[in-house]
Amino acid sequence: MSDVQQPFAISAHGVACFVRSYAKINLTLDVLGRRADGYHELATIMQMVDLYDTLCLTALNEDRVSIVSTRPELSNDANLAVQAAQAIRAYCSLKQGVSIELDKRIPMAAGLGGGSSNAAAVLLALQKWWRLPLSSQEMLALAASLGSDVPFFLTTGLALCEGRGEHITPLPAYWPTSLRWLLLLKPTISVSTATVFRNLPPSDYTQSVHTQAVYTVLLAKGEPFQEDMHNGLERSVLARYPEVAQAREAILQAGASFVRLSGSGPTLFAPFSELARASLARQRLHAQGYEVYLTRAIHPNDGNICIF
Ligand code: C5P
């Protein structure tokens, strides 16, 4: 990415910019193999879900980025939201500082993409608020420099993601009836994506068959087969983390007919076509002390960014 030579002019309006930052699930995840750069070649279909963090950006009269989060462990410069603000400021040669407040609700290190989503939300919010004339290619490149999942969160909600996750093919807004309600369960453990990929045996690699099959079904506005909603990381995560395997059993016992790991986990999702059944399962799992969220697919639009 070439640096922009001249500083961009900021024509901000308003003093604060609020933005919602949604979580995602992986409807499929085929791991094709390990690449020379250490990353894994993927084919995955991701969908945003109606579980979100809220960020508030405020102009700072200093040349720096600060963050305060409702989760103290996120209130530091390693936060991907700070890195996103720094990246777009550097790319546009901006001295304007910004303070970020982050109300964290999406479980962390959970396979739900919360950190990546926060980074994309900051890019989109600053682009809109400061009226930065960046093309979608420039935004995608900035996002990809921050993490493999970040480009997906610049999209409208449903996409095929390839490469290490950063090559995006958006899909039209459609969601199968059989997946209408999504029950998410976050086991108490946290799982490192890097560890999961490092421990993945080549026997769990597949071609992109599952992802291609679901992609075709979604384009045709059909219902995917359960066996195509495959996650190549799930077998090894279930084998390595007994808490996740137990949680999977608990969801099935609570009335789900299908359970899948999201990303590298440990969050599991179970789809339901009817709210009554999803709600009953949620009550049963909540009574057992599990952290559960009843949610749905969402296609965010510009209304996610409010400037006052
Ligand atoms: O890109 P990101 O920083 O989110 O990835 C975190 C880690 O997950 C990487 O350092 C890598 O170990 C692993 N990973 C991978 N293949 C991918 C995406 C992530 O091996 N496609």
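Just so it is clear, the model here is predicted, and its values are computed rather than measured. Note that ligands are numbered from 1 as they come in the structure, with each ligand's atoms numbered from 1 the same way.
- If you take CG on Asp53 and OG on Ser69, they are separated by 8.0 Å, rounding to the nearest 0.5 Å.
- Partners of Ala278 by side-chain contact (heavy atoms from CB on, under 4.5 Å), not counting sequence neighbours, listed by chain and number: Trp181, Phe272, Leu294.
- Contact residues of ligand 1 (protein heavy atom closer than 4.0 angstrom to a ligand atom; sorted by chain and number): Gly38, Tyr39, His40, Leu42, Gly147, Ser148, Arg164, Thr193, Ala194, Phe197.
- Donor-acceptor pairing under 3.5 Å is lacking for the side chains of Ser148 and Glu166.
- Donor-acceptor pairing under 3.5 Å is lacking for the side chains of Asp204 and Ser236.
- The number of heavy atoms from other shown groups lying within 6.0 Å of CD (Glu243) is above 12.
- Judged by the 6.0 Å distance and 45° axis criteria, Arg260 is not positioned over the aromatic ring of Phe269.
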